[in-house]
Amino acid sequence: MTAGDDRRAPASEFALALLLALVERGVTDLVVSPGSRSQALALAAAELERAGRIRLHVRVDERDAGFLALGMGLATGRPAPVVTTSGSAVANLMPAALEAARDRTPMLLLTADRPSWLRGTGANQTTDQAGLLGDRAVLNLDVAPVTDADAAVAAAAAVALEALPVALEARALRRGPAQIDLQFTEPLSGPHTPIEALLPRVRRALAAGRAPLDVAPPAAVLGGPVTVDAASTLVLAGQGADADLVRRAAERGCAVIAEITSGLRRWQSELPGGYRAWLDAGAPGVRTVVATGLPTLSRQARQVALRPDLRLVTRAPLPGECFDPGHRTERVAEVRITGRGPWTPGGRAEDAPASAAGAPIHPDDPADTADATAPSAPRPTAPTSCMPPADARGAVVDAVWAASGPADAVYLASSTMVRVADERVDPGRGGVPVLAHRGLAGIDGTVSAASGVALARVARHPDAVTRLVIGDLALAHDVGGLLVPPVEARPPLQIVVVDDRGGSIFAGLEVAQADPALYDRVVRTPQRYELTALARAYGWGHVRAHDPAELAAALATRRPLIVEVRVDDVGGWA
Ligand SMILES: Cc1ncc(C[n+]2csc(CCOP(=O)(O)OP(=O)(O)O)c2C)c(N)n1
C-alpha cells in the first residue's frame, strides 16, 4: 500500500493489533458491550470471532458483561477482556471489578474513551473514567489516541506488553482487575490491514518489545515460611484457598475445614457433628489456626480465628487484604507442616486430583487435573440424614449435587443457599467444582457470573452443565443476565431459583425482631414476579418442581432451564 492510497483508519488498525496481541498471549474469550467510541474494538472482536480466533460474547448491559467476564476469570484463571464504550458504561463494570479486586480474579477492562483534551469540557458521554478503580486495580493505563496507522502495531504491542505480565500471566504477583482506558479520535473505525497480514507484524512487535518486570510484593508484608505441627493445627480454607496447602494439611492429618466455596471440600476432615459443632465445642486440641483464602460462611470460623489463646497464621502471598479478623495474624507466603495429626479427610480417594503437578485451573477442578475426558457421570446422592425430607432447601442441594459430575460446575449465589450447601455437602461429594463470588458476597450479577462459568466450562468439557442455585431476590437483581443475543448459544446453565418470597437470610439476624410490616417492607422485600412469564420473555425454558423427584427430573435433562422451587415459611415445599 502506498502512502497515497492508504485509507487505513488508525483506530481500527490499533484495535485489531491490540486484540491480536492479547489473543497471541492466551486470551480466548472477549466480552463486548455495544457503543460508538468502542466501535473499532468491537468490530475487531467480531472479525476475530469470524476468523475463528476467539469466542465472542455480547451483552447489552455492561454490568452483566463485567460479571460474565468475572465468571470466566473465576473458572479459568485467565481474564476474558471486556470492551465498553465511554461514560457511565465504564461505571457499570464497577461491581464485578470490585469483586475481582477482593477475590483476586483476573479481569481486563478495555474501556474506550474520548481523547483527553475533551475531559472537563462538558463533552458528551465523557467523564474521568481512566483509573476509575483507583488502587483496587492492579494496573491502570490511560492510552493516548493512535493517529498514525503505521504506528498502530508498535503502539498496540507496547500497551499489550505493559499489561500482559499483570493481567494475563497466571503467576503474576498481582492479580485482580486491570483497566486499559483507550482514547479514540475520529474516524472511530474504517479499513484496516487484514488479520493474516497484521498478525506477523504483531508477533514481531511482541517479540521485539520487552515486558516490564513484575514488581515483587514488599518484603516487609510477608513473614515466614512458618512451620506448624500437624497434630495441633486447624487449616481453615475459604474462597481462593491454596489447594496445595489444603491437600498437604489433609495428608498430614491436620484438622481441615474447607468451606464449600473453597472448592476443596473433599479434603475436609471428618469432624464429629460437623465442623460448626466441632468449632462450637472449642476445636479441642487445636493450638494454631492456618487460614487460606477468604472464609466467610460461618460465624464459628471467624470466632476461632479471633480466639486469643490460638495462634493465627494466614497464607497470603499476594499483596492486598487477607483474612485477619483480629488484626493480629502472622501473614506468610508459605506454610510448612511437620509431624502427623489424627484427622482423615472425608473425601474419597478418587476425588483427589491424579497429580499434584501443574496447578489446576480451578482449585477444585478434578476434571482439569485428572481425566478430563471422563464422562461427567452424576454421583449417587449421599444419605441425607441430618435434615428431614420436608426440607426443600436441603433437597435442592442434594438434587444439584446428585445431578452434577466433576466436569460440571455448581455456582452458589450469596445468601441462604450457599450456607445450606456449606453445612450439607459432605466431603464425599467434594468432587464437583463449586464457584461463587464471595469476595464481597454481593447478590448482584449472579446469573451473569454463572453464565460466564458455564461458557468457560463447556469450552473445555463439551458436555459440561453449570447449575446455579439462587434466591428469588438475587435472581431479580440480575434478570438482565438472562438476556443472550439470538446468534449466541445460550450458556449451558440450569438455574434453580429457591423462591421463599424475599431475603430469608435476614430471618436469622436481629433485624427479624423488628415490626413485621416494617421488616417486610424494607428488609425482606418480597417481590412479585411471574417466573414463567419472565423465563418466556427472555427465551428460557421454565419448570416448577413441586418435590425432589420433579427437581431431579428437570436437572437430568441437562438442558438450559430455569427450575422454580417454592419454599414455604417453615422451609418445606410450597
Ligand atoms: C449487591 C447487594 N445488595 C444487597 C445485599 C444484601 N443482601 C444480602 S442477602 C440479601 C437477600 C437475598 O435474598 P435471596 O436472593 O432471595 O436469598 P435468600 O436470602 O432468600 O436465600 C440481600 C439483599 C448484597 N449482599 N449485595
Side-chain angles (χ1 to χ4, degrees), residues 61-64 66-68 70-71 91-103 105 136 238-239 260-261 294 296-299 387 391-397 399-400 410-425 436-450 467-482 495-512 514 516 518-531 534 544 551 562-574:
D61 179 337
E62 289 80 6
R63 193 180 66 161
D64 287 327
F67 275 105
L68 192 81
L70 179 84
N92 275 289
L93 297 173
M94 200 70 154
L98 293 188
E99 172 66 25
R102 175 58 72 84
D103 65 16
T105 305
R136 290 190 183 89
Q239 176 161 2
I260 193 73
T261 49
L294 207 60
T296 59
L297 292 179
S298 74
R299 155 186 70 76
M387 304 244 185
D391 170 27
R393 293 188 184 88
V396 165
V397 168
V400 165
V410 175
Y411 203 93
L412 295 169
S414 286
S415 207
T416 308
M417 288 306 295
V418 66
R419 291 179 172 80
V420 173
D422 186 53
E423 278 191 74
R424 194 168 180 88
V425 175
H437 50 278
R438 288 298 301 172
L440 295 179
I443 61 163
D444 44 354
T446 318
V447 174
S448 302
R467 297 189 169 90
L468 165 64
V469 182
I470 189 169
D472 51 299
L473 280 193
L475 179 79
H477 210 297
D478 193 23
V479 168
L482 297 172
I495 303 174
V496 183
V497 184
V498 178
D499 180 4
D500 47 21
R501 292 166 314 289
S504 59
I505 186 93
F506 302 117
L509 307 180
E510 65 272 38
V511 69
L518 302 184
Y519 169 74
D520 266 16
R521 179 82 175 102
V522 295
V523 180
R524 183 175 165 192
T525 58
Q527 308 293 311
R528 193 184 321 133
Y529 57 87
E530 184 54 60
L531 202 48
L534 190 70
R544 179 170 166 201
L551 176 57
I562 298 177
V563 189
E564 178 179 2
V565 173
R566 291 194 200 159
V567 177
D568 64 23
D569 285 343
V570 290
W573 295 79

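Numbering of ligands and ligand atoms starts at 1, following listing order.
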Item to complete: Could you tell me which atoms of ligand 1, counted from 1 in the order shown, lie closer than 4.0 angstrom to a heavy atom of A441?
Response: 25 (N)

Practice prompt. Take atom CZ of R136 as the centre, draw a 6.0 Å sphere, and report whether it contains more than 12 heavy atoms from other residues, nucleotides or ligands.
Written response: no

Worksheet item: What are the atoms of ligand 1, with element, lying closer than 4.0 Å to any heavy atom of D500?
Response: 20 (O)

Practice prompt. Among all protein heavy atoms, pick the one closest to atom 17 (O) of ligand 1 and tell me residue, atom and distance.
Written response: S415 OG, 3.3 Å

Discussion item. Within the 4.0 Å heavy-atom shell around D444, which atoms of ligand 1 are there?
Written reply: 1 (C)

Worksheet item: Taking it one step at a time, do L297 and E423 satisfy side chain to side chain contact (heavy atoms under 4.5 Å, CB included)?
Response: CA-CA 9 Å; L297 292 179; E423 278 191 74; over 6 Å; no

Discussion item. I'd like to know if the side chain of H437 reaches the main chain of D444, judged simply by a donor and an acceptor atom lying under 3.5 Å from each other, with no hydrogens or angles considered.
Written reply: yes

Fill in: Which residue and heavy atom of the protein sit nearest atom 16 (O) of ligand 1, plus the separation
L473 N, 2.9 Å

Fill in: atom 5 (C) of ligand 1: nearest protein contact (heavy atom, Å)
I443 CG1, 4.1 Å

Practice prompt. For residues R501 and P526, report the shortest heavy-atom separation together with the two atoms involved.
Written response: O-CB, 3.4 Å

Practice prompt. Would you check the N or O atoms of D472, main chain and side chain alike, for any that come under 3.5 Å of an N or O of ligand 1?
Written response: yes

Discussion item. For the backbone of T525 and the side chain of Q527, can you confirm whether one donor and one acceptor N or O come within less than 3.5 Å of each other?
Written reply: yes

Fill in: Backbone N/O of L440 and side chain of E99: donor-acceptor pair under 3.5 Å
yes

Worksheet item: How far is atom 10 (C) of ligand 1 from its nearest protein heavy atom, and which residue and atom name does that atom have?
Response: F506 CZ, 3.5 Å

Worksheet item: Just by modelled atom types, is the I260 backbone N or O under 3.5 Å from a matching donor or acceptor in the D422 side chain?
Response: yes

Practice prompt. Using a strict cut-off of 4.0 Å, indicate which atoms of ligand 1 neighbour a heavy atom of G442.
Written response: 25 (N), 26 (N)

Discussion item. Need the ligand 1 atom indices (1-based, order shown) with element for anything under 4.0 Å from a heavy-atom of S504.
Written reply: 18 (P), 19 (O), 20 (O), 21 (O)

Fill in: Passing candidate, side-chain contact (heavy atoms from CB on, under 4.5 Å) with I470, options L412, I495, D478
I495

Worksheet item: Would you say the side-chain atoms of Q239 pair up with the backbone N or O of A436, donor to acceptor, closer than 3.5 Å?
Response: yes

Worksheet item: Who's the nearest protein heavy-atom neighbour of atom 21 (O) of ligand 1, and how far?
Response: T416 OG1, 2.8 Å

Worksheet entry | Atoms of ligand 1 close to G502 [distance to a heavy atom under 4.0 angstrom, numbered from 1] | 16 (O), 20 (O)

Worksheet item: N/O to N/O below 3.5 Å, does that happen between H477 and ligand 1?
Response: no

Worksheet item: Which bit of I505 gets closer than 4.0 Å to ligand 1, counting heavy atoms only: side chain, backbone, both or neither?
Response: both

Worksheet item: How far is atom 15 (O) of ligand 1 from its nearest protein heavy atom, and which residue and atom name does that atom have?
Response: A474 N, 2.9 Å

